[in-house]
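Okay, so here's the structure we're looking at.
FYI, the numbering just counts along the sequence from 1. Numbering of ligands and ligand atoms starts at 1, following listing order.
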Amino acid sequence: MARRKKIYEGKAKTLYEGPEPGTIIQYFKDDATAFNAEKKAVIEGKGVLNNMLSEYFMTGLNTIGVPTHFIKRINMREQLVRACEMVPLEVIVRNFAAGSMAKRLGMDEGTQLPRPIVEYCLKDDKLGDPLVTEEHIAAFGWASQQDMDDILSLALRVNDFLSGVMFGVGIRLVDFKIEIGRVYDGDFQRLIVADEISPDSCRLWDIATGRKLDKDVFRRDLGSLTDAYTEVATRLGVMPKGATPMVRPTLIN
Ligand code: UDP
């Protein structure tokens, strides 16, 4: 059998050429990194949980008419997605102050924001993904004004959807990051939600206790990351109660 072609290996996922032109297979690894990969670990089961959770969120978004790259899950660690040209930005939406914004503006973590705040960072590991303004984005041509209008609208729709879904299972969506891809349908281009949506890229706090159920558990050494992600997956019904995400990586040929 032909060895399948690796397109890209990132920190948490590897991308392979998909079975049809215009498709990609996303393989979710167990690798966890933080602080621009200064802190690293392999956390057994993380890839399986993120694959299932990202499927859950992306499918929900597709169902309510927010376009995403997700096509279908293939197995415990892989999903088939639509290939797209990535917009070189991280789009962050915040409902409560936390992380870098709390630090930058001297706010207490957990302070409710007067309205959702959308921020943009340039995707560039060497520079540590610096915060950029719409002026930079327009001047350097990373996205057009029309793209930015579409990105803002997508980001806010994703925020409303995810906030509601999480609220329904007793979890506060503090903030999250999405990435946006460009696809071409004939002569038309469209922007869609790409990459992944998982507790690796969100801040999720239990509403009753404040317990962190996201990657801050790893960043700040707060206990078992797998337990935290399993709690999210179980509440959403993505993992049956008592199921274990500890399956061995699928063999890749
Ligand atoms: N985030 C992410 N990838 C990044 C940077 C941030 O997924 O490279 C997510 C992060 O998990 C959080 C939100 O974006 O949910 C806001 O992150 P923040 O800017 O506070 O950065 P951090 O404190 O994580 O460095």
| field | Top protein contact for atom 22 (P) of ligand 1, by heavy-atom distance | value | Arg203 NH2, 3.6 Å
| Looking only at atom types and distance, does a side-chain atom of Asp214 sit under 3.5 Å from a main-chain N or O of Leu204, one as donor and one as acceptor? | yes
| Donor-acceptor contact below 3.5 Å, side chain Asp175 vs main chain Ala97 | no
| said: Quick check on Lys215 - does any of its heavy atoms sit under 4.0 Å from an atom of ligand 1? | reply: no
| task | Report yes or no: is the cationic atom of Arg190 (NZ for Lys, CZ for Arg) closer than 6.0 Å to the six-membered ring centre of Tyr184, at no more than 45° off its axis? | result | no
| task | Without swapping roles, check the side chain of Thr63 against the backbone of Thr59 for a donor-acceptor pair under 3.5 Å. | result | yes
| message | Judged on heavy-atom distance to atom 14 (O) of ligand 1, which of Lys177, Met101, Glu179, Arg220 sits nearest? | response | Lys177
| message | Using only atom types and a distance under 3.5 Å, with no angle test, would you say the side chain of Lys46 pairs donor to acceptor with the backbone of Asp200? | response | no
| message | Within the 4.0 Å heavy-atom shell around Gly99, which atoms of ligand 1 are there? | response | 20 (O), 23 (O)
| message | Please confirm whether Arg219 approaches ligand 1 to less than 4.0 Å, judged on its heavy atoms. | response | yes
| query | Of Lys6, Lys5, Arg4, which is the lone residue that meets salt bridge (charged side-chain N to carboxylate O under 4.0 Å, His left out) with Glu17? | reply | Lys5
| Hey, is Cys121 touching ligand 1 through its side chain, its backbone, both or neither, going by heavy atoms under 4.0 Å? | neither
| request: Would you check whether Leu131 reaches within less than 4.0 Å of ligand 1, judged by its heavy atoms? | output: no
| said: Looking at Asn36 and Asp125, would you say the former's side chain and the latter's main chain have a donor-acceptor pair under 3.5 Å? | reply: yes
| message | Quick one: does any side-chain atom of Glu90 pair with a main-chain N or O of Glu179 as donor and acceptor, under 3.5 Å? | response | no
| Has Arg94 got any heavy atom lying under 4.0 angstrom from an atom of ligand 1? | yes
| request: Under 4.0 Å from a heavy atom of Asp200: give me the atoms of ligand 1 that qualify, with their elements. | output: 7 (O), 11 (O)
| query | Looking at atom 13 (C) of ligand 1, what's its closest protein heavy atom, distance included? | reply | Asp175 OD1, 3.5 Å
| query | Among all protein non-hydrogen atoms, which one is nearest to atom 25 (O) of ligand 1, and what is the separation to 0.1 Å? | reply | Ser100 CB, 4.6 Å
| query | Is there a donor-acceptor pair under 3.5 Å between the side chain of Lys72 and the backbone N or O of Glu55? | reply | no
| query | Short list, please: which atoms of ligand 1 are under 4.0 Å from a heavy atom of Asp129? | reply | 8 (O)
| request: Provide, to 0.1 Å, the distance between atom 5 (C) of ligand 1 and the closest protein heavy atom, together with that atom's residue and name. | output: Glu90 OE1, 3.6 Å
